[in-house]
2 protein chains.
Amino acid sequence: MNRESIVQLLESKNVQASYHRLKILEYLVNHRTHPTVDTIYRSLEKEIPTLSRTTVYNTLKVLVAKKIVSQVTVEENEVRYDYSGSAHLHFKCRKCGVVYDIFHDCELLSRKEIEGHIVDEYHINFRGTCKKCVEAARAGAN
Amino acid sequence: MNRESIVQLLESKNVQASYHRLKILEYLVNHRTHPTVDTIYRSLEKEIPTLSRTTVYNTLKVLVAKKIVSQVTVEENEVRYDYSGSAHLHFKCRKCGVVYDIFHDCELLSRKEIEGHIVDEYHINFRGTCKKCVEAARAGAN
DNA sequence: ATTACTGCAAATACTTTGCATACCG
DNA sequence: CGGTATGCAAAGTATTTGCAGTAAT
């Protein structure tokens with residue numbers, strides 16, 4: 001996604017497109033790796049030496065409040081951020097640590113109500129060993 | 001569940017049934033409210049004045065490692081503990097904060113594999129407004 | 001000029017670690 | 001006795017807050 005679209009995305013949600021916000025959202029849009037606050041900060045501080053962690057926290061709070069990005073907790077005790085595209089599930093590999101997006105046609109995803117409760121958000125997360133790590137282990141065994 | 005069964009549960013998993021472990025697991029089994037570390041600590045310190053937070057952390061770590069209880073993160077940044085009974089989903093009400101267990105016959109729950117990755121754990125969490133809070137709001141509006 | 005954004009430093013919250021003591025088989 | 005569990009205090013990590021400075025409208 002180019003810079004212009006990101007500015008438009010921010011403005012369409014009534015978020016002032018400051019330089020830092022632009023860079024942080026751009027990072028999230030272009031790195032679909034579910035980064036943590038720290039990862040985002042470390043990646044951007046090279047390019048923006050004046051950036052502070054507080055700004056990363058502030059910006060992410062705004063983006064989450066405006067539902068432009070979402071918080072993901074695939075692993076307990078580790079908040080990650082994800083640019084909210086279409087509905088999807090997450091799978092985290094215990095071996096390599098990569099978080100995969102899973103697009104699965106699941107009846108639960110379209111539910112507006114469950115057992116009488118009104119659903120406005122859901123998180124479906126899986127953990128295990130990813131395809132690559134399974135294959136690597138199999139190759140190693142030969 | 002009575003004390004004797006809890007001792008047996010611990011011993012069947014090769015966990016020494018010390019007094020503190022017994023009390024902590026007993027709390028989890030009898031309070032199916034998905035408590036946080038702090039809730040567990042505060043509830044038990046009245047009865048066990050010498051209890052320390054470290055012991056609660058240590059014990060929960062052992063219980064999770066032995067898969068007697070599981071960690072639940074229905075809300076980002078808030079680890080809760082749940083005595084692992086049968087497979088189920090969680091729903092957290094944004095208004096009253098209660099975490100409900102949802103038993104739903106979902107195809108995803110029985111999956112051992114998804115898109116080639118091997119699944120050994122899953123977390124399915126919903127958020128929204130619970131039945132009670134919806135009804136309370138409706139009654140208030142009249 | 002007024003409002004909003006940023007960044008530092010301090011404060012708070014949560015969790016882990018090291019080590020000495022106490023408990024249990 | 002010997003290994004394990006416990007508890008305190010300290011360290012570590014993550015996040016929030018207050019406030020002063022800066023930029024934007």
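Chain letters run A, B, ... following the sequence lines, proteins first and then strands; every chain starts at 1.
For the pair A:E75 and A:R127, the salt-bridge criterion is met [side-chain N within less than 4.0 Å of a carboxylate O]. Under the 4.0 Å criterion applied to side-chain N and carboxylate O atoms, B:K131 and A:E115 are not assigned as salt-bridge partners.
Side chains of B:E26 and B:H31: a donor-acceptor N/O pair is absent below 3.5 angstrom, by distance only. In summary, the side chains of A:H123 and B:H123 do not present any donor paired with an acceptor at a separation below 3.5 Å, with no hydrogens or angles considered.
Contact annotation for B:D38: no contact, since no heavy-atom pair falls under 4.0 Å across all strands.
Nearest nucleotide to the side chain of B:V37, out of C:dT15, D:dT15, D:dG7: C:dT15. Nearest to the side chain of A:K61, among C:dT15, D:dT16, C:dA4, sits D:dT16. Distances from the side chain of A:S18 to the nucleotides C:dT6, D:dT6, C:dA4 place C:dT6 closest. Side-chain proximity of A:R21 to C:dT15, C:dT6, C:dG7: nearest is C:dT6.
Computed from coordinates, the B:Y41 OH to D:dT6 P distance equals 14 Å when rounded to whole Å. The CG-P distance, from A:L22 to C:dC5, rounds to 14 Å in whole Å. What separates CG of A:N14 from C1' of C:dA4 is a distance of 14 Å, to the nearest Å. Nucleotide D:dG7 holds its C1' atom 14 Å from the CD atom of B:E45, rounded to whole Å.
Residues from residues 51-60 of chain B that place a heavy atom under 4.0 Å from any atom of DNA chain C, listed by number: B:T54, B:Y57.
Dashed line: the shortest gap from a side-chain N or O of A:H20 to OP1 or OP2 of D:dA23 is not under 4.0 Å.
For B:T73, the side chain to side chain donor-acceptor pair (under 3.5 Å) partners at least two apart in sequence or on another chain are A:E76.
The residue among B:V15 and B:N77 whose nearest nucleotide of DNA chain D is located toward the 5' end is B:V15.
Between A:H90 and A:H34, the two ring planes are perpendicular [angle over 60°; tilted spans 30° to 60°].
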